[in-house]
Amino acid sequence: MNNLLDIYQRLTNHYGTRNWWPAETPFEVIVGAILTQNTNWKNVETAIFNLRQKNALTTDAILQLDLETLEQLIRPSGFFRQKAQRLQLFCLYLQDHYAGSLDALFAQKLDLVRDELLRLKGIGPETADAILLYAGRLPSFVVDAYTNRLFGRLGILSGDEKYADVRDLFMSQLPKDIQLYSEYHALIINHCKQFCRKKPLCPGCPCADICLEKQPN
DNA sequence: GTCCAGGGCCTAC
DNA sequence: GTAGGCCATGGA
């Protein structure tokens, strides 16, 4: 029996299809992935709303904004100084190396794109994988704090694993399926937002039970 | 007032 | 190679 696939099925049975990531364009996915670093998504939504109001959800527009203006627009998402810089650095890279084309960036092999993203300041493993999966539609599993929390609670992770260890575990045990990866990450977040608010472990938290009790039969 | 959120960088050891 | 400090806003 495949534990991870089984848990995925139970989460899907319980919550249904999530259709993630919440964004209108691949570029907007990338903006959201950078802005949400250690930040409540609600605050990110406000920042993205501000950018949309200024028609600033394109590489050109973000590069044309002066840094201070960009900082003020994304201020609600927190860490706004470093995030403004990171956004512009990404846009500059895309413009210089791919003439601003995300399609050109994502046309390459997954590992190649991943290494490129990881070399950019402000893009770590989780942000890179979210960009690859949800903006590039490339099969890279996304690990986040919720993943570690839920699967630690389920006894599948010890908490000592590094990011790459957890990603390797999921990618080695699950079929390499973009839709599956996309939904799984979304389901984990959806589940934890409801049942796993406190960290690292909330005593009596029903989150582990929810996915175990909802078996198909 | 305290804790937390869909991380990542830098520095010191 | 890794533990600890730092970045900052807004909601619970």
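From a predicted model like this one, the values you see are computed outputs, not experimental measurements. We name chains A, B, ... by the order of the sequence lines, and we start the count at 1 in each one.
If you take CZ of A:Arg81 and P of B:dG8, they are 21 Å apart, rounded to a whole angstrom. Summarising the geometry, the separation between NZ on A:Lys121 and C1' on B:dG7 is reported as 16 Å, rounded to the nearest angstrom. One atom, CD of A:Gln37, and another, C1' of B:dC4, lie 17 Å apart when rounded to the nearest Å. Look at NZ on A:Lys83: it is 14 Å from P on B:dA5, rounded to the nearest Å. Summarising the geometry, the separation between CZ on A:Arg75 and C1' on C:dC7 is reported as 13 Å, rounded to the nearest angstrom.
Here A:Lys42 lies out of heavy-atom contact (under 4.0 Å) with every strand. Using a 4.0 Å heavy-atom criterion, one finds that A:Ile123 contacts the sugar-phosphate atoms exclusively. Counting non-hydrogen atoms under 4.0 angstrom, A:Ser77 reaches nothing in the nucleic acid. Among the atoms of the strands shown, base atoms are found under 4.0 Å from some heavy atom of A:Gln82. The residue A:Gly124 sits close only to the backbone: its heavy atoms come under 4.0 Å of sugar-phosphate atoms, none of a base. Heavy atoms of A:Phe79 sit under 4.0 angstrom from at least one base atom. Residue A:Asn43 is classed as a base contact, given a heavy-atom separation below 4.0 Å to a base.
Here the side chains of A:Val31 and A:Phe90 are not in contact, with every heavy-atom distance at 4.5 Å or above.
When distances are taken from the side chain of A:Asn38 to each of B:dG8, C:dT2, B:dA5, the shortest belongs to B:dA5. When distances are taken from the side chain of A:Ala145 to each of C:dA8, C:dG1, B:dG7, the shortest belongs to B:dG7.
Each of A:Trp41 and A:Leu120 lies near DNA chain B, and the nucleotide nearest A:Trp41 is the one positioned closer to the 5' end.
Checking the phosphate oxygens (OP1, OP2) of B:dA5, a side-chain nitrogen or oxygen of A:Arg149 falls inside 4.0 Å.
For the segment residues 174-189 of chain A, the set of residues with a heavy atom within less than 4.0 Å of an atom of DNA chain C is empty.
The aromatic rings of A:His185 and A:Tyr134 lie tilted to each other, with the angle between the two planes from 30° to 60°. Below 30°, between 30° and 60°, or above 60°: for A:Tyr93 and A:Tyr98 the angle between ring planes is between 30° and 60°, a tilted geometry. Ring-plane geometry between A:Tyr184 and A:Tyr8 is classed as tilted, the angle between the planes lying from 30 to 60 degrees on a 0 to 90 degree scale.
A salt bridge is absent between A:Arg119 and A:Asp115; no separation between the charged side-chain nitrogens and carboxylate oxygens falls under 4.0 Å.
For A:Thr39 and A:Lys83, the side-chain atoms include at least one donor-acceptor pair closer than 3.5 Å. A:Gln37 and A:Thr127 share a side-chain donor-acceptor pair at under 3.5 Å.
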